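Okay, structure first, notes after.
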Amino acid sequence: VKAALATARVEWIRFFRDRIAMFSTIALPIVLVLLIGLSFGQSGSRLPVGLLSQDPGPLGTSLISELEQSAAVDVRFYTDRRDLYRDIRMGSVGGGVDVPADGSPVQVYVQQASSGAGVILSTVNAAAAQVSTRAVAVDVLSGDVPAARAEAAVDDALTEVPPVTVTARSLGAVNEMEENRFASAVPSQLMLFVFLNGLLGAAALVQARQLGVFQRTLATPHGLGVYLSGLGASRVAIALLQSAILLGLGVLSFGIDFGNPLAVAAVVVVYSVIAAAAGMLLGGIAKTPGQAVAVAVPAGIVLGMLGGTMWPLSVVGPLMARIGHLTPQAWAMDAWNQIINDGAGLAGIATELAVLTGFAVALSALAVWALGRHARTGR
Amino acid sequence: MWRTTWLIAALGLRRSLRDRSILIQALVAPIVIALVVGAAFGSGFSLNVTIGIADADRSEISTQIAQSLVGSGGDGIAFSAVGDPQSVDAAVESGSYDAVVVMPAGLGEAVLSGEAAQLDVVGAATDPLATSVAQAVAGGVAAELQTARVTAMAANEAGVQDVAASIQKAVASPPAITAEQGEVDGTFSVMAYFAPGMAMLFLFFIIGDGARSIVAERKQGTLPRILAAPVSPTSVLLGKTAQVMVVGVLSMTAVWLITWLGFGADWGDPVGVFVVIVAAVTAIAGISLLITGFARTENQADALTTIVALLFAVAGGTFFLGATGVLDTMRLFTPNGLALSAFVDLSAAQSGLAGVMPQVLLLLAIGIGTATAGLLALRNKVLS
C-alpha cells in the first residue's frame, strides 16, 4: 500500500506540472459551464419567433407590441428576410412573423408545419383579436349609425367596460434542472470532462510505455500490480479533484441543490474509476502519444454526445436513447437526473450505480490486462 | 527556390498522409461526430401542444366559444373539450392535456352585464411553453368577448335598433388584421454545421503539429543540415506552410464531399464553400505559425495550441447550434465562429460567395497577418 501511495503521489505531482492538463481539467469545464448557463439561460416558457416589419402602420404597430407582451412568444426583431429565413431553417427561432403595411394579412413562416406553425398562428390571431376590439366595434356600428357617433359610443364603452382578464396557474413544481440552468450544465459538463481527461491521460502512459517504465516495475519487489494500483489511484484522485471543484462551484456560485450527498459521492467515485480505467486502457493500446490524443478527444466528444452530456437524451429519438445507454455517460446522467430532480438517494439510483460499477470493473480489468500484456511482452 | 519549397512541401505532405493520427482527426472524427449529431437531431424540431377547453359556465356564449375552438387548431396545436370541467387539475396532472383554458361559471353573465370577467388557464409547471400558449389563446378569447360586450354597450348608447344583431355581427367579424401561413423553402442539415465545426477544431491540432515540426527538426538536427545545402530558410518555411495549408484544405474538402455526397448534408453553394474552407484553413494555419513562432519551447507551443484550439472551438460555438446571448456575440471574435457563420450563411441562408465575402476577407486578413508575424519570428529561430 505504501508503495502504491508513493506511486500515486509522484503521478499527482507530475499532473500538476502539466499546464494543458490543468487547463482542460479545471479551466475549460468552468468556462463551458459559464457559457452554457449564460447562453441558454432562458427557460423554455416562450417560443422564440422572428419578427420582420418594414412599415407596419398603426394597427401593425399595436399588433407587434401586443406580440411582444405575449406570454407564448419571445419576439426577436429582424431587418433582413434572408437572416430570418436562415434562423428558421436552423431552428434557432420557431418561426417568423412578417407584419406588412396596413391591410394585407400577416404572414407566418415556419420550416415545416410540425414545428409549431399552429402555436404561432394561434398566438398571432389572439394578438390580432386584442388589437381589433375598437376597429371591429366601430365597423359593426357604422352600418347602423353615422361613423362619428359610432366611434364616440365605442370609445365611451371602452372606458366603462373592464377588460376580460386571463389568470394562469401552474400545477406541480419545476424541477431543479429546469429552474436553474446551471443545475444541468454542471453535472453534464462534469461527466463530459472527467471522461475526456481520463482518456487524455493515456498519452502520458504511452510515453511511459515507450520509456519501458512498466517493464522495469516487473523487476521491483512490489511488481506491476502495486504500480498499476498507484497509477490508478492517482488518476481517480485527479478525477475526484476535478469533480470537487466543479460541484463546489455549482453549490457556492450557482446555488445548485444537488440533493443527497451520499448518492452524489457514489456516482462521482464510480464514474472517476470508469474514466481513469478508460484512460489506462487507451494508454495500454495506443501506439504513440499522438495517436492516444487523436483518439481521446473525438472519443470523449462522441461518447459524451451519445450519452447525453451535450444535450439531454430526452430530446432524441428512442433508438438514439437506446444506443446512448451503451455508454457510461448515459447511466451517469440518468443518476444525476434522479438525484437532482427527484431527490433520489442511494436506493433510488441502485440500478444506475450497478451498471456504472459494471463499467468500472470491466474497464479496469481490460486496462490491467492491456498494460500487463505490454509489460510482459514489451509491445 | 520554388523547387526546394515544393520538395519540402511534398515530403511533408506524403508523411502527413501516412500518419494514422492525422487520418483519425482530419476525417474520421468530424464525420463521425456530425453523423451522431445528425442521427440525434436529423428529424428536426417539432412542437405539439394539446389544450383542453373546460366549459364550467355552460352559457350560450361559453358553449359557442368552446365549439369554435375545438373545431380549430392543427399543425402542432390541438383543442379538445374537457369532459368534466370540475376535475381540470386531475386532467392536467394525468397528462391528458398540456394545459387547459377554463371558462368559469358565471362568465357569460359577467360578460353580458359588463361586470369584471375572467378566464383561467391551468398548466403544468414542467411544461411552461404549453401554459403560455394556452394563456395566449385565452387572451384571444378574452379579446373577442370584450369586443362583443363593448359593441353591445356602444350599440345601446348610440341608439342602434337591433343590439343583438350587432353583437352577432361583432362576434362573427374577422379581426382587423388576419394571419396566414407560409412555408420557408429549403432545409438545413445540422451536419452542415457540426462537420465543419469539428473539422476546424481538429485542424488546429493537425496544423499545429505540422508547424511545430519546424522546431522539432531544428532540435533533431535535420534543419541545420538542410540549411547547409544551398536552401534558403525562406523556402523551408514556405514549404512547411504550403504543406500544412494543403493538408488542411484537402482534409476539410474531403469532410465536405463525404458528408455532402455520402450523407446528403448540403453545405450550400460549392464555390462559396470551397473559398470559405481555404480562408478558414489560412486563418488556422496563420494562428498556428504565430503560436509556434513565439512559443519558447516545443512543449509550450503544444500546450498553447491545445488551449487556443479548445477555447476558440468553445467560444466559436462548435458544440452548440443556435446559441443566444453571450456566445452569439463572442463567436464572431474567433476564426472558428467566423467561418461557422459563413458556413451557416451558405447552407441555411442560401447565400452565394458574395454573401460570405466579409467573413472570407476577415479570415484571410487574420491568416495572412498572423502567418507573417509567425514566419518572421520562426525565421529568426531557424537562423539562430
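A note on names: the letters A, B, ... follow the listed sequences, proteins ahead of strands, and every chain is numbered from 1. The model shown is predicted, which means the values in this text are computed figures rather than measured ones. Just the heavy atoms: all of them, side chains too, but no hydrogens, waters or symmetry mates, feed the values below.
Residue B:Asp120 forms a side-chain contact (heavy atoms from CB on, under 4.5 Å) with just one option from A:Thr167, A:Val166, A:Thr165, and that option is A:Thr167.
Comparing A:Leu141, A:Val316, A:Val302, A:Asp155 by how many heavy-atom pairs each has under 4.5 Å with chain B, the most go to A:Leu141. Considering only heavy-atom pairs separated by less than 4.5 Å from chain B, the leading option among A:Pro105, A:Ala137, A:Ala286, A:Ala27 is A:Pro105. Ranked by heavy-atom pairs under 4.5 Å with chain A, the list B:Thr126, B:Val121, B:Val92 is led by B:Val121. Ranked by non-hydrogen atom pairs under 4.5 Å with chain B, the options A:Val138, A:Asp87, A:Val140 are led by A:Val140. The choice from B:Ala155, B:Ser173, B:Ala176, B:Ala148 that makes the most heavy-atom pairs within less than 4.5 Å of chain A is B:Ala176. Between chain A and the residues B:Val137, B:Leu311, B:Thr131, B:Val32, the most heavy-atom pairs under 4.5 angstrom are made by B:Leu311. Per-residue heavy-atom pair counts under 4.5 Å with chain B were compared for A:Arg169, A:Met320, A:Gln130, A:Met310, and the maximum is reached by A:Arg169. Your options are A:Ala126, A:Ala153, A:Ala128, A:Ala150, and the one with the most heavy-atom pairs under 4.5 Å with chain B is A:Ala153. Ranked by heavy-atom pairs shorter than 4.5 Å toward chain B, the options A:Ala135, A:Gly290, A:Pro163 are led by A:Pro163. Ranking B:Val141, B:Val49, B:Val111, B:Asp185 against chain A, the residue ahead of the rest is B:Asp185, based on heavy-atom pairs under 4.5 Å. Most heavy-atom pairs under 4.5 Å with chain A, from the set B:Val36, B:Val101, B:Val122: that is B:Val122. By number of non-hydrogen pairs under 4.5 angstrom with chain A, the leading residue of B:Pro30, B:Ala192, B:Ala125, B:Gly186 is B:Ala125.
Contact between A:Ser170 and B:Ala124 at its shortest, heavy atoms only, is CB-C, 4.4 Å. Nearest heavy atom pair, residue A:Ala168 against residue B:Gln135, reads CB-CD, 3.7 Å. Across all their heavy atoms, A:Thr133 and B:Ala143 have their closest contact at OG1-O, 3.7 Å. Smallest separation of non-hydrogen atoms from B:Pro175 and A:Ser132: CB-OG, 3.4 Å. The two atoms that bring A:Ser122 and B:Ile77 nearest to each other are OG-CD1, 3.6 Å, heavy atoms only. Contact record, B:Ala136 with A:Ser70: CB-OG, 4.1 Å, taken as the closest heavy-atom pair.
Both the backbone and the side chain of A:Val119 come within contact range of chain B, with heavy atoms under 4.5 Å apart. Using a 4.5 Å cut-off between heavy atoms, A:Val161 contacts chain B through both its backbone and its side chain. There is no contact between A:Glu66 and chain B, counting heavy-atom distances below 4.5 Å.
Looking only at side-chain heavy atoms (C-beta outward), B:Leu201 and A:Ile301 come within less than 4.5 Å of each other. For the pair A:Trp311 and B:Val37, the minimum side-chain heavy-atom distance is below 4.5 Å.
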Legend entry - Working for side-chain contact (heavy atoms from CB on, under 4.5 Å), residues A:Arg89 and B:Thr187: CA-CA 6 Å; A:Arg89 288 194 192 99; B:Thr187 52; over 6 Å; no
Legend entry - Pair A:Val110-B:Val184, side-chain contact (heavy atoms from CB on, under 4.5 Å): steps then yes or no: CA-CA 6 Å; A:Val110 287; B:Val184 176; over 6 Å; no
Inset, instruction - Go through the steps to decide whether B:Gln181 and A:Leu121 satisfy the test side-chain contact (heavy atoms from CB on, under 4.5 Å), and finish with yes or no. - result: CA-CA 7 Å; B:Gln181 187 180 329; A:Leu121 263 181; 3.5 Å; yes
Inset, instruction - Report the C-alpha separation of A:Thr288 and B:Arg20 in whole Å, then their side-chain angles, then the decisive distance to 0.1 Å, and conclude whether the side-chain contact (heavy atoms from CB on, under 4.5 Å) test is met. - result: CA-CA 10 Å; A:Thr288 62; B:Arg20 222 181 303 170; over 6 Å; no
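Checked for salt-bridge contact, A:Asp144 and B:Lys169 miss the test: no charged N lies under 4.0 Å from a carboxylate O.
Of the possible donor and acceptor atoms, none in the side chain of A:Arg86 sits under 3.5 Å from a partner among the backbone N and O of B:Asp345.
Here the CD-CZ distance, from A:Gln189 to B:Phe319, works out to 9.0 Å after rounding to the nearest 0.5 Å. In this structure, A:Arg134 CZ and B:Gln146 CD are separated by 14.0 Å, a value rounded to the nearest 0.5 Å. A distance of 9.5 Å separates CD1 of B:Ile177 from OG of A:Ser104, quoted to the nearest 0.5 Å. Between atom OG of residue B:Ser132 and atom CZ of residue A:Arg46 there is a gap of 8.5 Å, rounded to the nearest 0.5 Å.
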